K.L.:
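Let me begin by handing over the structure; questions about it come next.
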2 protein chains.
Amino acid sequence: MTKPRSRRGGGRPTIADVARKAGVGAITVSRALREPGRVSEDLRRQIQAAVDELGYVPDPNARALASARAEVFGVLVPSLTNNVFAEVVRGIYDNLSDSPFRIQLGHTHYSGMEEERLLQLFGSQRPAALIVAGIDQTATSRRLLENAGCPVVQIMETCPDPVDMLVGFSHFDSGRAATRHLLEVGYRKIGFIGARMDPRSQRRLAGYRAAMEAAGLFDPRLITTTPMLSSVSLGRELLRDALAKMPTLDGVFCNNDDIALGVLFECHRASIDVPRQIGIVGFNDLDMMQVSFPSITSIRTHRYEIGRRAVAMALAAIGGNRPVERIVDLGFELMRRESTAR
Amino acid sequence: MTKPRSRRGGGRPTIADVARKAGVGAITVSRALREPGRVSEDLRRQIQAAVDELGYVPDPNARALASARAEVFGVLVPSLTNNVFAEVVRGIYDNLSDSPFRIQLGHTHYSGMEEERLLQLFGSQRPAALIVAGIDQTATSRRLLENAGCPVVQIMETCPDPVDMLVGFSHFDSGRAATRHLLEVGYRKIGFIGARMDPRSQRRLAGYRAAMEAAGLFDPRLITTTPMLSSVSLGRELLRDALAKMPTLDGVFCNNDDIALGVLFECHRASIDVPRQIGIVGFNDLDMMQVSFPSITSIRTHRYEIGRRAVAMALAAIGGNRPVERIVDLGFELMRRESTAR
DNA sequence: CGCAATGTTGGTAGCGCTACCACAGCCGGC
DNA sequence: GCCGGCTGTGGTAGCGCTACCAACATTGCG
C-alpha cells in the first residue's frame, strides 16, 4: 500500500473533498463550477453547499495543466509609469474583474528584445488571450503572436494587417490634425517637440510633417527631440533648445501632455505670452490640460476605452463569436483651449 | 493499449522530449534547469544543447502543481493610475525582471472587500511572496496574509506590528513636517486639502493636525476634503471651496501633488500671488513640482525604492535568509521650493 | 412498444512536472 | 576490508484538475 504524499499543498481542500462531501463524482463538481447548466439543480445546490462549507477554491495551476489553457490574459505594454498606458491597463483590469481571468502584465521598456522574451514566457503559460501595445513587433515576436493559439489584440494604433484584432487610432492623423489646427489659427513657425520617440511618436511626427509640408512651411530645424524618457522637466529644456535653434518659433506641437506642461511653465518663466507669442498643443488630453493656466489645447485619446474594448473583443473571440470588426478605430478629438486661442 | 491523448498542448516540447534527446532521465533535466550545481558538467551541457535545439520552455503550471509553489509574486495596490503606485510597481517589476518570478497584480480600488477577494484568489495560486499596500487590512485579510505560507511584505507605511515584513515611511511624520515647514516660514491660516482620504491620507491629516494644534492654530474649518478621486482639476475646485469657507487662508498643505498643481493653477487664475499670499506644499514630489512656475515645495517619498526594497526583502526570505530588519523606514524629505519662499 | 436521441452522471487516464525514495559508485576512517 | 557517508542519477508516484468516453435514465417518435 502506498502512503499518500503528505498533502504538500498544506491541507487545502481539493475537488475530491468537495465531491465526497456532496456525495457526487469529482467530475460533476468540476462541471457544476464551470458549466452549471449541465448539472441538475439538485446536485448543483448540494455541491455549492459543500464548496461553501469547505471554503474550496479551485487550483488554477491544476486547472491550467489539465485543460491546456490558463485563465490568464497576457498584457504587454512599454511602460506603466506612462500615464497613457496606466489608463489603458485600468480599462483592461476593470473590464476583466468580473471574469475568471487573471492578468499577467509585462513591461517591454520599449525594447523589441524584451518583448520577445516576454512573449516567449507568456506563451509558455498558454494564456487565454494576449493584448499587446503597438504594431511594430519584430519578426520573431509576430510569429510568436501568430502561433500563440489564442486571440490576440494589438492596441493603441491602427493598421490594415493586424496579427488578429486591433483597437486604436491613427497617430499620423492625430499629429496632422494637431498641426493643422495650429496652422488654421494662424501660427506659422510651428515646432515639434518630443522625447522618447517610439513608433507611435514617430507617426505623430510624420503627421506633423505632412501638415507642415502641405502648407509649405516645413523646416527640419523645427523638430526637437531626445531619446530620453518624457517628463515635465524635459519639456522645459526642450523648449529652450528649440528656441535657441529657432528664436522665431511661434507654436509647438508637443508629443505628449507632460512635455506640453513643461513648455507652458518655461513660457511663464521666460515671460513668453501663451497663446499670443507661442501657441501650444499637447497630446492625450490628461485632466490637467483643462485646468492649467492658460488651459492647453490637446488631442484627446480614448485610452481607457481602448483597454476596455480590447478585453471585450478578446472575450468575444474566446466565447466563440469573433467580432465582425477585427479592426476598431476609436479616433481622437481635438480639444481647443486657451493655449491656441489667438 | 491506450492511445496517448492528442497532445492537447499543441505539440510543445516537454521535459520528456528533452530527456530523450539528451539521453538522460527527465528528473535530471528538471534538476539541470533548477539546480545546475547538482548535475555534472557533462550532462548539463548535453541537456542545455537539447533544450536549445527543441526550444523547450518549462510549463509554469505543471511546475507549480508538482512543487506546490508557483513562481509568482502577488502584488496588491489600490490603484494603478495613481502615479505613486505606478512608481512602486515599477520598482517591483524592475527588481524582479531578472528572476524567474512572474507578477500577479491586483487593484483593490481602495476597497477592503475587494482586497479580501483578491487575497483569496491569489492564495489559491500558492504565490512565492505577497506584497500588499498598507497596513489597514480587514481581520479576514490579515488572517489570509498570516496563513499565506509565504513571505509577506506590507508597503508604503510603517507600524510596529506588520504581518511579516514592512517597507515604507511615516505618513503622520511627513504630514507634520510639511505643516511645520509652513509654520516656520510664517504662514498661519494653513489649510489641509485632500481628495480620496485613504488611511495614508488620514495619517497625513493627523500629522497636519498635530502640528497645527501644537502651534495653537488648529481650526476644523481649515480642512477641506472630498471622497472623490484625486485629480488636478479637483485641486482647483477644492481651493475655491477652501477659500469660500476661510477667505483669510494663507497656506495649504495638499494631500498630493496633483491637488497642489490644481491649487497653483487656481491661484494663477484668481491672481493670488504664490508664495506671498498663499504658500503651497505638495506631497510625493513628482517631477513637475520642480518645474512648475513657481516651483512647488513638496515632500519627497521614495516610491521606486519602496518597491525595489520590498522585492529584495521577499527574495531574501524566499532564499532562506530573512532580513534582520523586518521593518524598514525609508523616510521622506522636504523639498523647499519657491511656493513657500517668502 | 422498440429504438434513437437527449440529458445527466461517473470512471479512467492523463496534463507536465517535481518530491521522494532507491541505488550505484566512490571516498575515507577504523 | 567493511561500513557509513557522500555524490550523481533514475524510477515511481503523485500534484489537482479536466478531456474523453461509457453508462445509464429519460424522453420523443414512428
Side-chain angles (χ1 to χ4, degrees), chain A residues 1-20 22-47 51 54 56-71 100 123-126 128 149, chain B residues 1-20 22-47 51 54 56-71 100 123-126:
Chain A
M1 167 161 173
T2 60
K3 120 173 102 77
R5 218 187 289 191
S6 62
R7 261 302 170 69
R8 297 185 289 199
R12 227 182 289 268
T14 72
I15 202 168
D17 298 327
V18 177
R20 206 169 312 119
V24 299
I27 187 66
T28 306
V29 174
S30 173
R31 265 194 293 257
L33 262 35
R34 289 175 303 139
E35 320 168 81
R38 304 178 64 78
V39 174
S40 67
E41 180 83 24
D42 260 17
L43 287 191
R44 222 187 312 163
R45 255 201 306 273
Q46 281 177 51
I47 290 169
V51 165
L54 293 172
Y56 169 71
V57 182
D59 182 330
N61 297 119
R63 195 171 255 189
L65 182 58
S67 66
R69 184 51 73 210
E71 290 180 324
S124 72
Q125 292 183 69
R126 312 164 190 291
Chain B
M1 167 167 175
T2 62
K3 115 171 103 76
R5 217 188 290 191
S6 61
R7 263 300 168 70
R8 297 187 288 198
R12 229 184 289 269
T14 73
I15 203 167
D17 298 327
V18 177
R20 208 170 308 121
V24 298
I27 188 67
T28 306
V29 174
S30 172
R31 264 195 293 258
L33 262 34
R34 288 176 305 140
E35 321 169 81
R38 304 176 64 79
V39 174
S40 68
E41 180 83 25
D42 259 20
L43 285 191
R44 221 186 312 162
R45 254 200 306 273
Q46 282 178 50
I47 290 169
V51 166
L54 293 172
Y56 169 71
V57 181
D59 181 329
N61 297 119
R63 194 171 254 190
L65 182 58
S67 65
R69 185 50 74 209
E71 291 181 323
S124 71
Q125 293 182 68
R126 309 163 193 289

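Everything quoted here is computed from the prediction, not taken from an experiment. Computed over heavy atoms, backbone and side chain alike; hydrogens, waters and symmetry mates excluded. The sequence lines fix the lettering, A, B, ..., with proteins before strands; numbering per chain opens at 1.
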K.L.:
Would you list the protein and nucleotides 23-26 of chain C atom pairs, both N or O, that sit under 3.5 Å from each other?
P.N.:
none

K.L.:
Provide, to the nearest angstrom, the distance between the CZ atom belonging to A:Arg69 and the C1' atom belonging to D:dG16.
P.N.:
19 Å

K.L.:
So how far is it from A:Leu54 CG to A:Ile15 CD1, rounded to the nearest 0.5 Å?
P.N.:
12.0 Å

K.L.:
In a table with atom names and distances, give each donor-acceptor pair under 3.5 Å that connects a side chain of residues 23-32 of chain B to protein atoms at least two apart or in another chain.
P.N.:
residue, atom, partner, partner atom, Å
B:Ser30, OG, B:Arg34, NE, 3.2
B:Ser30, OG, B:Arg34, NH2, 2.9

K.L.:
Rounded to the Å, how far apart are A:Asp59 CG and D:dC15 P?
P.N.:
12 Å

K.L.:
Are any of B:Arg34's side-chain N or O atoms less than 4.0 Å away from OP1 or OP2 of C:dA19?
P.N.:
yes

K.L.:
What integer distance in Å separates B:Leu33:CG from C:dG16:C1'?
P.N.:
13 Å

K.L.:
Please name the residue in the list B:Asp42, B:Ile47, B:Leu43 that meets the side chain to side chain contact (heavy atoms under 4.5 Å, CB included) test with B:Arg45.
P.N.:
B:Asp42

K.L.:
Mind checking salt bridge (Lys or Arg N to Asp or Glu O under 4.0 Å) for A:Glu35 and listing every partner two or more places apart, or none if nothing turns up?
P.N.:
none

K.L.:
If each of A:Glu35 and A:Asn61 is mapped to the nucleotide of DNA chain D with the nearest heavy atom, which maps nearer the 5' terminus, i.e. the 5' end?
P.N.:
A:Asn61

K.L.:
Rounded to whole Å, please give me the gap between OH in A:Tyr56 and C1' in D:dG16.
P.N.:
7 Å

K.L.:
Starting from P on C:dG16, measure out to CG on B:Leu54 and report it in whole angstrom.
P.N.:
14 Å

K.L.:
Just how far, in rounded Å, is C1' of C:dG14 from CZ of A:Arg63?
P.N.:
18 Å

K.L.:
Nearest 0.5 angstrom please: A:Ser124 OG to B:Arg12 CZ, how far?
P.N.:
7.0 Å

K.L.:
Taking only N and O in the side chain of A:Ser30, is any of them less than 4.0 Å away from OP1 or OP2 of D:dC17?
P.N.:
no

K.L.:
Output the rounded distance in Å from CZ (B:Arg12) to C1' (C:dG16).
P.N.:
12 Å

K.L.:
Once side chain to side chain donor-acceptor pair (under 3.5 Å) is applied, do any residues pair with A:Gln125, and if so which ones, sequence neighbours excluded?
P.N.:
B:Arg102

K.L.:
For the residue pair B:Val18 and B:Leu33, establish whether any side-chain heavy-atom pair is separated by less than 4.5 Å.
P.N.:
no

K.L.:
If a pair satisfies salt bridge (Lys or Arg N to Asp or Glu O under 4.0 Å) and one of its residues is in residues 60-70 of chain A, list it, with sequence neighbours excluded.
P.N.:
A:Arg63-A:Glu71

K.L.:
All N/O contacts under 3.5 Å from nucleotides 8-10 of chain C to the protein, with atom names and distances to one decimal?
P.N.:
residue, atom, partner, partner atom, Å
C:dT9, OP1, A:Ser40, OG, 2.8
C:dT9, OP2, A:Ser40, N, 2.9
C:dG10, OP2, A:Gly25, N, 3.0
C:dG10, OP2, A:Thr28, OG1, 2.5
C:dG10, N7, A:Arg31, NH2, 3.0

K.L.:
To the nearest Å, give me how far apart CZ (B:Arg126) and C1' (D:dC17) are.
P.N.:
12 Å

